[in-house]
4 protein chains.
Amino acid sequence: MAETEKNRGTEKRERILEGALRAFAKKGFYNTKVSEIASEAGVADGTIYLYFKNKDDLLISLFEDRMEFLIERLQTELDAVQGGVLDKIRCAITLHFQLAIQEQDLAEFITVELRQSAKFVKEYENPRFHDYLRILENLIADGQSQGVIRGDVDRRLVARSLFGALDEVLLQLTLSRSGAPDVQEKARQVAQIFTEGIVAR
Amino acid sequence: MAETEKNRGTEKRERILEGALRAFAKKGFYNTKVSEIASEAGVADGTIYLYFKNKDDLLISLFEDRMEFLIERLQTELDAVQGGVLDKIRCAITLHFQLAIQEQDLAEFITVELRQSAKFVKEYENPRFHDYLRILENLIADGQSQGVIRGDVDRRLVARSLFGALDEVLLQLTLSRSGAPDVQEKARQVAQIFTEGIVAR
Amino acid sequence: MAETEKNRGTEKRERILEGALRAFAKKGFYNTKVSEIASEAGVADGTIYLYFKNKDDLLISLFEDRMEFLIERLQTELDAVQGGVLDKIRCAITLHFQLAIQEQDLAEFITVELRQSAKFVKEYENPRFHDYLRILENLIADGQSQGVIRGDVDRRLVARSLFGALDEVLLQLTLSRSGAPDVQEKARQVAQIFTEGIVAR
Amino acid sequence: MAETEKNRGTEKRERILEGALRAFAKKGFYNTKVSEIASEAGVADGTIYLYFKNKDDLLISLFEDRMEFLIERLQTELDAVQGGVLDKIRCAITLHFQLAIQEQDLAEFITVELRQSAKFVKEYENPRFHDYLRILENLIADGQSQGVIRGDVDRRLVARSLFGALDEVLLQLTLSRSGAPDVQEKARQVAQIFTEGIVAR
DNA sequence: CATGAATGAGCCTTCATTCAT
DNA sequence: TATGAATGAAGGCTCATTCAT
């Protein structure tokens with residue numbers, strides 16, 4: 001029963017996070033009222049404050065939670081790749097796009113709110129986002145030590161550039177809310193540009 | 001005197017835009033009070049409403065004005081480039097970074113607020129931003145017709161990816177407010193990745 | 001407890017209406033701040049917006065509520081009158097004056113704000129006021145079918161004239177805030193003028 | 001030339017009063033902006049403050065000016081009446097309605113703003129309005145000394161009642177903006193009610 | 001006298017947060 | 001835990017008034 005109660009607790013917390021994600025994706029952090037989140041989550045306004053310190057904290061927790069999910073997913077997929085580093089990069093890019101299709105709200109939320117939050121939500125540094133970038137960096141590093149990727153490129157710069165490129169393309173996809181039938185092709189092309197761009201010859 | 005009056009009018013309008021840019025860069029659109037903009041601009045609160053319909057309109061006007069400036073600047077620089085398409089792309093990238101150093105507030109404003117505004121500021125489509133992207137697209141198109149750039153890449157995708165990469169790298173630069181001593185090197189590397197990535201072989 | 005909660009709700013709504021009545025009577029609608037109403041009612045500013053859409057809505061609701069009260073009161077008194085139609089008219093006039101003495105704020109509010117509101121408060125038609133007039137009209141109609149009142153007078157015109165006369169006299173009474181010791185006599189005289197003026201001979 | 005200048009001055013003052021009358025009739029005192037009055041009058045905002053101390057003063061001046069006009073007109077017409085006191089009363093009533101048809105804006109202005117102003121415009125007592133009432137009172141007084149009107153009615157009460165009745169009926173006429181084809185008949189009926197109501201038998 | 005750009009005090013309304021139940 | 005009515009600080013915007021030209 002202690003278990004059940006805890007479950008009920010976490011289940012409600014999760015409901016709130018989902019409501020917040022939906023609401024933030026639809027209207028943005030600053031245009032979303034706490035009462036709207038509550039109503040999306042099917043709880044009372046005050047209940048939110050039992051699980052989160054305030055609206056900022058809710059946003060931060062949402063980042064933590066969802067980024068953690070993305071990181072785990074990315075890591076798992078990368079581990080499963082048979083091929084070399086370039087294949088892993090292709091895999092990461094494809095996964096990025098796939099997730100955006102599966103989780104429209106999440107994609108919209110991250111592409112739009114990540115930057116604001118980095119600066120204006122009470123000094124929050126978004127460490128999970130840096131974890132995500134680090135995975136990409138490590139991929140590059142592996143490629144460099146294997147001689148597959150040019151040794152003179154700045155790993156962090158490449159990782160950031162890649163994330164930026166993916167993020168911007170996704171932004172367009174999610175904002176247009178087009179079914180985006182050619183996501184696969186877009187993924188292939190971005191992957192090609194970056195792999196060709198950094199490959200050692 | 002008609003001249004003088006017009007000048008006074010536009011001069012005050014420009015002061016307000018500058019104040020808004022400074023304030024938005026520092027605290028973000030939603031955390032900036034109209035009275036703060038007024039005080040930055042050295043005018044009374046009410047004066048702002050003589051030149052702009054409301055706070056949203058001020059943001060939009062700021063985009064229009066500053067993007068126009070960026071576009072003109074980019075076009076001028078590109079026209080002055082002697083070399084081929086790839087040199088022009090390198091030039092565009094370098095300029096992007098240079099401007100970010102010279103106009104920190106502008107860089108911060110655009111990297112952080114562009115996305116929010118695209119979605120949440122009253123249906124504003126930000127047409128100037130699309131003009132900016134189109135310049136990059138046309139560059140790619142020229143390269144393709146000259147056979148310098150692979151014909152199978154989606155021009156719009158490349159333009160967006162490039163902008164996204166530049167924007168994200170800039171974001172880090174501006175947020176860290178590091179003097180960024182190695183901007184030149186970063187520009188060179190991003191340019192290399194993209195040119196190598198799309199060049200025809 | 002559901003009962004209690006409902007009571008608390010309506011009780012607070014009523015407190016706000018009372019505060020508004022007091023404030024409007026004292027300073028007029030346009031010179032009364034919402035915060036003053038709140039303080040008269042002993043609630044927070046924001047609380048008012050839990051019960052009313054905005055300041056206009058508060059004014060309208062006040063009319064609805066108080067006119068309903070007046071109408072009920074008038075109807076009850078008229079039903080209790082033993083005599084004929086002319087006696088009922090005398091009763092209506094007397095009641096009008098009596099209420100003005102008992103409910104100074106209400107009298108002041110209605111005499112002064114009714115006209116403004118009719119035109120300038122967002123298209124509000126003040127249907128209750130017309131209900132009130134209709135009672136007077138019906139009284140005249142009864143008198144006409146009984147042959148007590150001349151058949152050639154326009155019932156609506158008489159009703160309006162009577163209301164106008166009463167209202168104007170009341171205005172003076174309430175504005176002067178004189179104790180008005182001779183209200184009975186005034187009521188008698190107005191009643192005499194109107195009954196003599198419309199009686200069939 | 002001094003004459004001309006003075007004329008220009010008074011002409012502009014009159015233009016402003018006319019603009020104010022039009023604007024107040026249309027939107028009411030509190031909903032009319034000084035700039036709207038200026039634009040109606042075809043002068044600059046600031047110009048208004050050369051002729052009137054402030055917005056309140058403009059309203060008061062408008063009352064003074066227009067009431068004076070009405071009083072003169074009424075007095076002239078009454079002096080021209082050949083018949084007795086009752087005929088004069090009929091004449092006053094008819095004139096009241098006639099003016100309302102000819103000067104819709106003025107009628108609307110007075111019926112709606114007179115009461116507000118009496119209380120809320122800086123203690124203004126509206127002496128001209130009392131002058132107007134006094135003319136009616138004197139009429140009654142004359143009738144009483146001639147034995148045509150009952151000696152026991154309160155002159156001031158009758159005057160007020162009559163004004164209230166006329167005012168209320170006019171209010172309906174002006175608000176409905178109906179062409180009011182039967183004004184003559186309405187005038188006749190109100191006159192009949194009041195004369196029959198106060199006549200000595 | 002006339003102008004109208006500029007001012008800034010003031011007000012309605014919103015909404016994150018609290019707390020009695 | 002959960003609720004949601006109540007709070008009140010805060011901010012966008014208006015508009016009467018001023019004053020340099």
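Order of the sequence lines sets the chain letters (A, B, ...), proteins ahead of strands, with each chain counted from 1.
Annotation: salt bridge (Lys or Arg N to Asp or Glu O under 4.0 Å) contacts of B/K27 (sequence neighbours excluded): B/E36. Listed by chain and residue number, nothing satisfies the salt bridge (Lys or Arg N to Asp or Glu O under 4.0 Å) test with D/E113 (two or more places apart in sequence, or in another chain).
One interatomic measurement links the two molecules: CG of C/D56 to P of E/dC11, which rounds to 17 Å at whole-angstrom precision. Counting to the nearest Å, the C1' atom of E/dA2 and the CZ atom of D/R15 are 12 Å from each other. Rounded to whole angstrom, the span from the CG atom of B/D57 across to the P atom of F/dC13 amounts to 10 Å. In this structure, the CD1 atom of A/I16 is 15 Å from the C1' atom of E/dT17, given to the nearest Å. Atom CG of C/L59 is separated from atom P of E/dC12 by 13 Å (rounded to the nearest Å). Rounding to whole angstrom units, CG of residue C/L58 and P of E/dT13 are separated by 10 Å. Separating the CZ atom of D/F52 from the P atom of F/dT17 is a distance of 13 Å, rounded to the nearest angstrom.
Taking a pair as Watson-Crick or G-U wobble with both distances under 3.5 Å, the runs of three or more consecutive pairs in DNA chain F are E:2-21 with F:2-21.
To the nearest 0.5 Å, atom NZ of residue A/K53 and atom CD1 of residue A/I48 are 15.0 Å apart.
Here the side chain of A/L50 is nearest to one of F/dA2, E/dA5, F/dT7, namely F/dA2. Listed nucleotides F/dT3, E/dG8, E/dG4 differ in distance to B/A44; the shortest reach to its side chain belongs to E/dG8. Comparing F/dA16, E/dT13, E/dG8 against the side chain of C/K55 picks out E/dT13 as the nearest.
Nucleotides E/dC1 and F/dT21 have their C1' atoms positioned 13 Å apart, rounded to a whole Å.
Contact between A/T111 and B/R115 at its shortest, heavy atoms only, is O-NH1, 3.0 Å. Scanning all heavy atoms of the two residues, the minimum distance from A/S117 to A/L59 falls at CB-CD2, 4.0 Å. Pairing each heavy atom of D/T47 with each of D/K12, the nearest pair is CG2-CD, 4.0 Å.
Counting only distance, with no hydrogens or angles, the side chain of A/K55 and the backbone of A/K33 share no donor-acceptor pair below 3.5 Å.
Side-chain nitrogen and oxygen atoms of A/K12 include at least one within less than 4.0 Å of the OP1 or OP2 phosphate oxygen of F/dA2. Close to F/dA5, at under 4.0 Å from its OP1 or OP2, lies no side-chain N or O of C/Y51. Between C/Y49 and E/dC15 there is no side-chain N or O to OP1 or OP2 distance below 4.0 Å.
Donor-acceptor pairing under 3.5 Å is lacking for the side chains of D/E14 and D/Y51.
Among residues at least two apart or in separate chains, ring-ring contact (aromatic ring centres under 6.0 Å, His included) pairs with a member in residues 28-48 of chain A are A/F24-A/F29, A/Y30-B/Y30.
Contact check of residues 18-37 of chain D against DNA chain F (heavy atom, cut-off under 4.0 Å) returns D/T32, D/K33, D/V34.
Taking for each of B/T47 and D/T47 the nucleotide of DNA chain E with the nearest heavy atom, the 5'-most of the two is the partner of D/T47. Checking D/D45 against A/G46, the closest nucleotide of DNA chain F that is more toward the 5' end is the one next to A/G46.
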Identify each donor-acceptor pair in which a side-chain atom of residues 38-46 of chain C lies under 3.5 Å from a protein atom, sequence neighbours left out, and give them as a table.
from	atom 1	to	atom 2	distance (Å)
C/E40	OE1	C/R22	NE	2.7
C/E40	OE1	C/R22	NH2	3.4
C/E40	OE2	C/K26	NZ	2.9

